[in-house]
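These notes are about the structure you will find just below.
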4 protein chains.
Amino acid sequence: MGRIQRETVAEKSAAILRERILGGELSPGTPVTEDAVAEDLGASRATIRQALNTLLMDGLLTRHPATRVLQVTTLSPEEVRDIYRARRFLELGGVEAAAHASAEQLERVADAVRELEKTVHSHDVTGFVQADIRCHVEVVELLGSRHLTDAHRHLMEKLRLVITATEQQEALVRENLKERLAVHKEFAELLVAGEVGRARANLAARLEDAEEVVAAEAAGGG
Amino acid sequence: MGRIQRETVAEKSAAILRERILGGELSPGTPVTEDAVAEDLGASRATIRQALNTLLMDGLLTRHPATRVLQVTTLSPEEVRDIYRARRFLELGGVEAAAHASAEQLERVADAVRELEKTVHSHDVTGFVQADIRCHVEVVELLGSRHLTDAHRHLMEKLRLVITATEQQEALVRENLKERLAVHKEFAELLVAGEVGRARANLAARLEDAEEVVAAEAAGGG
Amino acid sequence: MGRIQRETVAEKSAAILRERILGGELSPGTPVTEDAVAEDLGASRATIRQALNTLLMDGLLTRHPATRVLQVTTLSPEEVRDIYRARRFLELGGVEAAAHASAEQLERVADAVRELEKTVHSHDVTGFVQADIRCHVEVVELLGSRHLTDAHRHLMEKLRLVITATEQQEALVRENLKERLAVHKEFAELLVAGEVGRARANLAARLEDAEEVVAAEAAGGG
Amino acid sequence: MGRIQRETVAEKSAAILRERILGGELSPGTPVTEDAVAEDLGASRATIRQALNTLLMDGLLTRHPATRVLQVTTLSPEEVRDIYRARRFLELGGVEAAAHASAEQLERVADAVRELEKTVHSHDVTGFVQADIRCHVEVVELLGSRHLTDAHRHLMEKLRLVITATEQQEALVRENLKERLAVHKEFAELLVAGEVGRARANLAARLEDAEEVVAAEAAGGG
DNA sequence: GTGGTCTAGACCACA
DNA sequence: GTGGTCTAGACCACC
């Protein structure tokens with residue numbers, strides 16, 4: 001725990017930019033030039049280049065084919081739906097796997113939900129979103145493959161591009177926070193109780209709703 | 001039509017190195033230093049750095065924790081099994097999805113098998129391996145999500161690290177080439193016929209066998 | 001070994017256009033405008049301009065004096081005869097030089113003929129034309145000056161403008177492929193045997209025949 | 001004759017630079033950057049780029065393989081000898097062709113020599129060099145192929161890279177101007193008289209001498 | 001509509 | 001930091 005963590009300037013830069021993008025500070029479509037970033041972060045262009053490359057491969061940045069200029073990725077509705085198809089497959093697969101999961105594994109899902117509950121009580125919307133994500137991640141963990149959870153984490157990150165915290169959405173979220181918590185709790189209970197079919201239905205319904213909201217957002221923003 | 005596409009020196013370098021690694025020219029554990037590669041490929045260190053970073057993120061290179069020197073990734077048996085868990089999930093999921101797939105989609109799987117057949121007739125072992133991979137890729141395509149097929153492609157590439165074409169293996173492969181083709185053909189027929197259950201069993205058995213072989217190889221090589 | 005080499009978009013564009021012209025895809029007289037090419041190849045006008053300039057200086061494109069529009073060069077019969085005068089001088093000079101050439105050099109000519117033989121056996125007409133050209137190039141190589149071989153290569157390329165692979169010609173070529181091979185083989189043997197006079201006569205006759213055919217073609221096509 | 005000749009800025013720029021290089025104003029090895037030239041000549045970089053490209057293809061500029069920076073070409077002694085091999089072949093071939101040349105054609109050679117004589121009388125060294133070149137060009141003209149004379153002109157231009165007017169050379173040239181004129185006159189007379197063999201010897205001797213001088217110069221300069 | 005010219009801005013690579 | 005490379009978008013001139 002007390003271990004020193006070396007982190008290169010490039011990695012730090014990438015992390016900062018990632019946060020800015022996913023936090024909505026840099027909205028989709030914004031051009032991102034090496035020079036500007038280098039000056040802004042006070043690093044050399046070569047270093048920034050590396051950082052941008054990381055984000056490019058993560059899909060957070062996209063290169064304009066002609067000008068080669070980088071810009072914050074704009075997710076098309078079609079791509080959002082593709083991601084949801086993938087999520088559905090991975091997460092529902094996780095639910096299915098719950099039937100053979102150890103009690104310890106299931107407990108981690110339940111724990112994620114409890115964490116979600118805390119954020120509701122403290123009216124912490126940002127925390128809610130993170131905890132919500134963790135709830136989904138833990139379900140995929142049930143599949144027992146690091147490679148699959150990595151792929152899933154990647155999908156979730158990409159989605160954050162479009163779920164950027166607009167004020168309206170925040171307000172909207174606040175409205176139904178409790179409602180959503182209830183659904184999550186029900187889901188966790190079903191899972192622990194071994195009621196795979198009903199847990200599956202619960203999750204599927206949630207994903208379907210979310211897909212529509214996010215796809216609409218992507219269509220509107222694009 | 002004849003659209004031109006640019007490829008930077010860094011991309012070219014990465015592609016060359018990737019081919020060397022996956023082709024077994026650079027075997028797992030081989031240290032890879034910026035200087036050496038830079039001189040070898042006739043590019044500057046900064047450029048090579050970028051290329052190596054790409055491969056690092058692809059998992060083809062690993063950084064030695066102590067010396068920070070890059071080396072060709074050595075897959076542990078445990079990691080091989082993790083990859084196979086992921087493959088099993090994705091590919092068997094693809095089989096399941098075949099029930100709702102269009103005739104056109106199923107045709108692509110059948111086509112991949114036909115291509116495999118050709119390589120057997122022309123005794124093209126290298127081609128066989130590639131066609132074999134394509135057979136599996138096409139099954140995952142049935143899931144209809146680019147993100148999932150990308151993830152799968154990534155897994156397959158990593159596996160090539162350990163399935164490197166040793167002469168012994170080639171000989172071994174030659175032995176049972178026809179046998180393996182027969183299994184593939186049966187699989188394709190079952191899939192097209194809508195016999196999901198039996199197709200699933202066919203594929204599951206193949207994956208299980210392969211996992212044991214590859215995991216053993218990884219244990220031996222490491 | 002695996003040294004990387006860069007190729008600019010302009011160079012790539014020039015190469016593509018050259019191939020289209022020499023391959024007969026763009027026939028003599030066809031107008032070539034910057035805009036059209038730029039859009040077709042997906043490059044900017046400035047870049048394409050550079051590529052077109054290269055081809056202009058190579059003589060593959062000609063600028064219409066009035067409209068200043070570029071068009072694929074149409075070789076006049078007179079120009080064809082000029083080229084053949086030059087070829088005759090260079091190639092017959094090469095034959096003369098064979099008297100003082102090393103065995104190794106002569107072997108390269110013989111090798112070119114052997115390559116020609118292969119293409120006949122495999123009924124590869126395209127390959128035949130290329131190998132035929134190489135036979136002539138190797139003779140000029142005997143002169144031992146890179147500048148002369150460059151000039152010769154340039155002539156051969158220009159001729160390809162009018163020897164474009166029309167189907168009729170292909171058929172015609174197929175007819176006398178073996179016959180032409182025989183003459184080539186005899187030539188190589190004479191050369192290696194040091195029979196300069198007879199080798200000279202052999203080559204001179206071939207060039208004279210070819211000149212008539214090509215000049216007629218140029219007269220007809222123009 | 002009174003026709004208007006449009007000349008693009010790029011062409012003009014190329015001509016100016018060519019003159020600077022061949023006139024020794026820019027000596028071999030001097031780096032030539034787009035920016036500097038653009039500012040110097042008052043044209044845009046795109047335009048200059050085109051001009052530089054022309055000179056690059058003419059062999060007057062060379063691109064440093066690593067840095068891609070252009071610099072005035074430095075001729076190696078080996079390349080000088082290659083050029084002389086080519087010149088020997090072309091010019092001696094021209095002499096040979098004199099046997100079948102028209103009186104009018106031979107007259108042009110004689111005229112070139114007369115022009116040379118004038119420059120000697122007016123002590124015009126620069127003019128002497130130009131007239132000297134014309135004497136050689138006219139001989140190649142006897143071959144009757146524009147393509148060959150073009151190739152020859154190209155060789156002569158490249159040589160001017162190393163025959164740059166150093167003061168010492170100028171002095172040296174002044175010394176033997178008359179002597180060289182005498183040899184030229186003898187050559188023209190032999191040619192007109194149909195004494196091909198002796199004309200050939202005359203020219204061959206001159207070329208051999210020149211080759212040694214120039215190759216030595218190239219070795220010294222490099 | 002085609003070509004010639006130019007500006008402005010960015011990326012790419014080397015050193 | 002320098003230099004090469006490329007794009008985008010504009011203006012003018014000519015037929």
Side-chain angles (χ1 to χ4, degrees), chain A residues 31-39 44-46 48-50 52-53 56 61 63-71, chain B residues 4-13 34-35 38-39 41-51, chain C residues 4-14 31-39 41-53 56 61 63-71, chain D residues 4 6-13 31-39 41-53 56 61-71:
Chain A
V32 176
T33 70
E34 291 178 2
D35 271 328
V37 177
E39 189 177 359
S44 86
R45 265 181 46 208
I48 293 305
R49 223 182 132 86
Q50 230 187 304
L52 295 183
N53 213 288
L56 177 64
L61 293 179
R63 194 180 291 287
H64 189 293
T67 63
R68 317 270 297 166
V69 176
L70 291 174
Q71 52 181 46
Chain B
I4 270 180
Q5 64 176 355
R6 266 185 287 182
E7 200 178 16
T8 67
V9 173
E11 286 165 343
K12 260 187 243 179
S13 306
E34 290 180 3
D35 270 328
E39 190 180 357
L41 297 185
S44 79
R45 261 184 63 196
T47 306
I48 292 306
R49 219 182 138 77
Q50 231 189 304
Chain C
I4 270 180
Q5 66 176 352
R6 267 186 287 183
E7 200 179 15
T8 67
V9 173
E11 286 165 344
K12 260 188 243 180
S13 306
V32 176
T33 69
E34 293 179 358
D35 270 330
V37 177
E39 190 180 357
L41 296 186
S44 79
R45 256 183 66 199
T47 305
I48 292 305
R49 215 184 141 77
Q50 229 189 305
L52 295 183
N53 214 289
L56 180 63
L61 293 180
R63 196 178 291 287
H64 190 292
T67 62
R68 314 260 311 153
V69 176
L70 289 174
Q71 52 181 45
Chain D
I4 281 183
R6 249 200 287 185
E7 198 180 17
T8 68
V9 174
E11 286 165 345
K12 252 184 262 184
S13 306
V32 176
T33 69
E34 292 178 0
D35 269 329
V37 178
E39 189 178 358
L41 297 186
S44 85
R45 263 178 61 198
T47 306
I48 292 307
R49 216 182 136 85
Q50 232 188 300
L52 295 183
N53 212 287
L56 178 64
L61 293 180
T62 308
R63 195 180 291 287
H64 189 292
T67 64
R68 316 270 298 167
V69 176
L70 290 175
Q71 53 182 47

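What's counted below: heavy atoms across the whole structure, side chains too, no hydrogens, waters or symmetry copies. Throughout, protein chains are lettered first and strands after them, A, B, ... in sequence-line order, and every chain is numbered starting at 1.
Shown here are the side chain to side chain contact (heavy atoms under 4.5 Å, CB included) partners of D/Glu39, two or more places apart in sequence or in another chain: there are none. Take A/Arg45 and apply the salt bridge (Lys or Arg N to Asp or Glu O under 4.0 Å) test, not counting sequence neighbours, and it matches A/Glu34, A/Asp35. In this view, C/Thr47 and C/Ser44 satisfy the side-chain hydrogen bond (donor to acceptor under 3.5 Å, both in side chains) rule, not counting sequence neighbours. With sequence neighbours left out, C/Gln71 forms a side-chain hydrogen bond (donor to acceptor under 3.5 Å, both in side chains) with no residue at all. By the side-chain hydrogen bond (donor to acceptor under 3.5 Å, both in side chains) test, A/Thr33 pairs with no residue at all, sequence neighbours left out. Listed by chain and number, the residues in a side-chain hydrogen bond (donor to acceptor under 3.5 Å, both in side chains) with C/Arg63 amount to none (sequence neighbours excluded).
Taking atom NE2 of D/His64 as the reference point, atom P of E/dC14 lies 12 Å away to the nearest angstrom. Distance D/Leu61 CG to F/dG3 P: 16 Å, rounded to the nearest Å. Rounded to whole angstrom, the span from the CG atom of C/Asn53 across to the P atom of E/dT5 amounts to 11 Å. Remark: C1' of E/dA13 and CD of C/Glu7 are 17 Å apart, rounded to the nearest angstrom. The CD1 atom of D/Ile48 sits 15 Å away from the C1' atom of F/dG4 (whole-angstrom rounding). For the pair D/Leu56 CG and F/dG4 P, the interatomic distance rounds to 12 Å; values are reported in whole Å.
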| field | Heavy-atom protein contacts under 4.0 Å, nucleotides 6-12 of chain E, coded B base, S sugar-phosphate only, - none | value | SB--SSB
| Please, what dot-bracket string fits DNA chain E when only Watson-Crick and G-U pairs with both distances under 3.5 Å count, crossing ones use [ ] and pairs to another strand use |? | ||||||||||||||.
